[in-house]
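Okay, so here's the structure we're looking at.
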Amino acid sequence: MSKLTEMKSWKALEQHFEVIQNTHMRALFAADPQRFTTFSAEMGDILLDYSKNRITSESFDLLMALAREADVEGWRDNMFAGEPINISEYRPALHTALRNRSNKPVMVDGENVMPKVNRVLAQMRYFSERVRGGHWRGYSGELITDVINIGIGGSDLGPHVVCDAMKPFAQRGMNVHFVSNVDPTHLTEILKFVKPESCLFIISSKSFTTQETMMNAHSAREWFVNVTNNESAVARHFVAVTTNKEKATEFGVLSENMFEFWDWVGGRYSLWSAIGLPIVLYLGMDRFEEMLDGAHAMDMHFKSTPLERNIPVILAMLGIWYNNFFDAQSHAVISYNQYLRRLPAHLQQLDMESNGKTINRQGERVDYLTGPIIWGETGSNCQHAFFQLLHQGTKPVPADFMIPARTRNPLRGQHRVLLANFFAQTQALMKGKTEAEALAELQTEGLSAEKIAEVLPHKIFEGNKPTNSIMFDKLDPRTLGAILAMYEHKVFVQGVIWNINSFDQWGVEYGKKLAGHIHDTLLTRSVSDDYDSSTNGLIQHYYQLRFGDEN
Ligand code: G6Q
């Protein structure tokens with residue numbers, strides 16, 4: 001494969017960009033009344049309208065040519081086939097096998113992994129039915145009412161976004177909590193409101209060595225034993241999700257209460273595995289399987305739909321267009337759905353941990369931009385905050401807007417107002433407001449000519465701000481599964497184009513080691529010649545604040 005910037009389609013896109021950068025979407029819509037039909041795609045009940053993008057049919061064809069030239073189809077097939085595409089960790093990336101509802105064999109090193117995937121799913125069903133049905137109780141016979149997941153990063157963000165989003169499907173009387181931060185406040189504030197007798201702790205850690213998770217797990221265990229004065233009840237109230245059985249045993253988890261997953265499941269792609277256990281306890285296994293079904297449907301769409309109608313591919317290539325040709329530094333995700341308020345946090349990890357890379361697959365430094373900064377909030381809240389920058393700021397921010405057609409909570413027509421805002425914002429971002437339109441508006445307000453001249457420049461909106469609109473019927477487990485899988489594949493396609501490995505995370509691994517030495521320094525209340533003067537100055541300042549003269 002030739003270098004990205006030397007590809008034929010890349011060069012053609014560079015030339016095409018010179019024309020398009022001066023074209024306004026208003027003109028494109030005026031020229032083609034069929035633009036919505038031309039530039040929209042569907043999968044199940046998910047509609048993607050990408051007509052409000054700075055593209056023509058020629059731009060779209062060139063982007064698809066780039067996807068072909070970079071061999072997106074070949075890489076996609078290799079991923080599904082279990083090839084070791086995670087080249088720096090020598091392993092496949094097989095989150096698709098976790099939701100392979102067809103149950104067709106998926107081979108890793110000559111072994112079909114589907115029997116073990118199914119075995120853990122069956123274990124999750126059995127365990128969750130016992131807990132939810134009141135057969136598995138706390139040591140004193142109380143029903144389990146509070147599931148507390150202790151995990152961080154991939155062992156937290158995925159299940160957390162799903163549990164939040166699927167709240168209407170939760171079992172009555174069952175609460176779920178997520179503890180991730182090593183800041184003791186996180187755990188403490190949760191433990192204040194629960195009783196150990198009715199709590200079930202899930203220690204979720206692929207490695208079972210992550211500092212934050214292990215600190216929180218040991219503190220929770222200590223709290224449990226202190227309050228109950230019953231060490232032998234730990235095994236009944238602590239279960240583990242991990243690839244490291246040995247460490248989980250050392251902690252005191254019984255082997256029958258361990259839920260396994262495998263090194264070919266990356267942390268940020270793991271919510272479909274046993275890491276989804278809090279989801280299952282909160283919603284039930286049937287709902288979890290519906291979510292797997294939705295994700296599998298998106299997998300099949302991604303695997304077999306021609307690139308031109310393939311939703312993850314389209315989203316990915318539009319992202320490449322803005323990232324690499326318009327120099328957009330970020331991408332916003334705005335969901336007009338309160339249940340999806342944690343989606344940006346999950347997508348931040350998924351996207352930025354996967355594609356925040358500078359070195360290509362051949363070990364060389366890339367000379368083009370890779371993964372964007374992902375951010376976002378729920379609408380309509382953010383209209384009253386950062387939308388000012390989207391409308392009139394100097395930075396281009398392409399955005400995905402997302403909304404269900406129907407709400408689960410009909411209240412005095414409020415959802416219709418939400419929809420109106422959704423439509424109005426994407427329309428305004430596309431159209432903008434011309435000087436003539438702004439002038440006409442001001443004139444109707446009866447301002448003096450002098451005042452109008454003063455204020456007019458501030459009332460003009462350039463428009464031409466690209467958005468994707470994603471609409472679905474109702475937010476349910478199936479649709480949520482499909483949406484999450486859609487973003488996973490989008491990120492994968494972009495990684496292929498940028499010729500990077502989207503499945504390692506050495507920056508995160510580095511972070512896991514960094515604090516160790518400094519923690520030893522803090523324990524001995526010393527400073528170190530190894531540190532720079534800023535770090536030593538800050539540490540001394542901390543000692544002064546914390547210990548004062550006693551230091
Ligand atoms: C995800 C990352 C990272 C990881 C956490 C937790 O892809 O690898 O976010 O999930 O650091 O790791 P453990 O599950 O091993 O505790």
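This structure is a prediction, so every number in the text was calculated from the model and none was measured. Counting convention: from 1, in listed order, for ligands and their atoms alike. Excluded from the calculations below are hydrogen atoms, water molecules and symmetry mates; all remaining heavy atoms, backbone and side chain alike, are included.
Judged purely by distance below 3.5 Å, without hydrogens or angles, the side chains of N86 and R91 never pair a donor atom with an acceptor atom.
Of all atoms in ligand 1, listed by their number and element, those nearer than 4.0 Å to a heavy atom of S205 are 13 (P), 14 (O), 15 (O), 16 (O). Of all atoms in ligand 1, listed by their number and element, those nearer than 4.0 Å to a heavy atom of R268 are 1 (C), 7 (O).
Scanning the protein for heavy atoms near atom 4 (C) of ligand 1, the closest one is G154 N, 3.8 Å. Scanning the protein for heavy atoms near atom 9 (O) of ligand 1, the closest one is Q349 NE2, 2.7 Å. Summary of contacts: the protein heavy atom closest to atom 5 (C) of ligand 1 is I152 O, 3.5 Å. Here the protein heavy atom with the shortest distance to atom 15 (O) of ligand 1 is S207 OG, 2.6 Å. Considering only non-hydrogen protein atoms, atom 2 (C) of ligand 1 sits nearest to E353 OE2, 2.7 Å. Considering only non-hydrogen protein atoms, atom 12 (O) of ligand 1 sits nearest to K512 NZ, 3.2 Å.
Heavy atoms from other residues, nucleotides or ligands lying under 6.0 Å from CD of Q362 number more than 12. Heavy-atom contacts from other residues, nucleotides or ligands closer than 6.0 Å to CG of D530 number more than 12. For Y542, the OH atom sits in a packed shell: over 12 heavy atoms of surrounding residues, nucleotides or ligands are nearer than 6.0 Å.
At least one N or O atom of T210 sits closer than 3.5 Å to an N or O atom of ligand 1.
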Worked verdict on D71 versus V496 for side chain to side chain contact (heavy atoms under 4.5 Å, CB included) = CA-CA 8 Å; D71 196 22; V496 171; 5.8 Å; no

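K247 places no side-chain N or O within 3.5 Å of a backbone atom of T209 that could act as its donor or acceptor partner.
Geometrically, R221 engages F251 in a cation-pi contact, judged by NZ or CZ lying under 6.0 Å from the ring centre and within 45° of the ring axis.
Within the 4.0 Å heavy-atom criterion, the part of Q505 lying near ligand 1 is the side chain and not the backbone.
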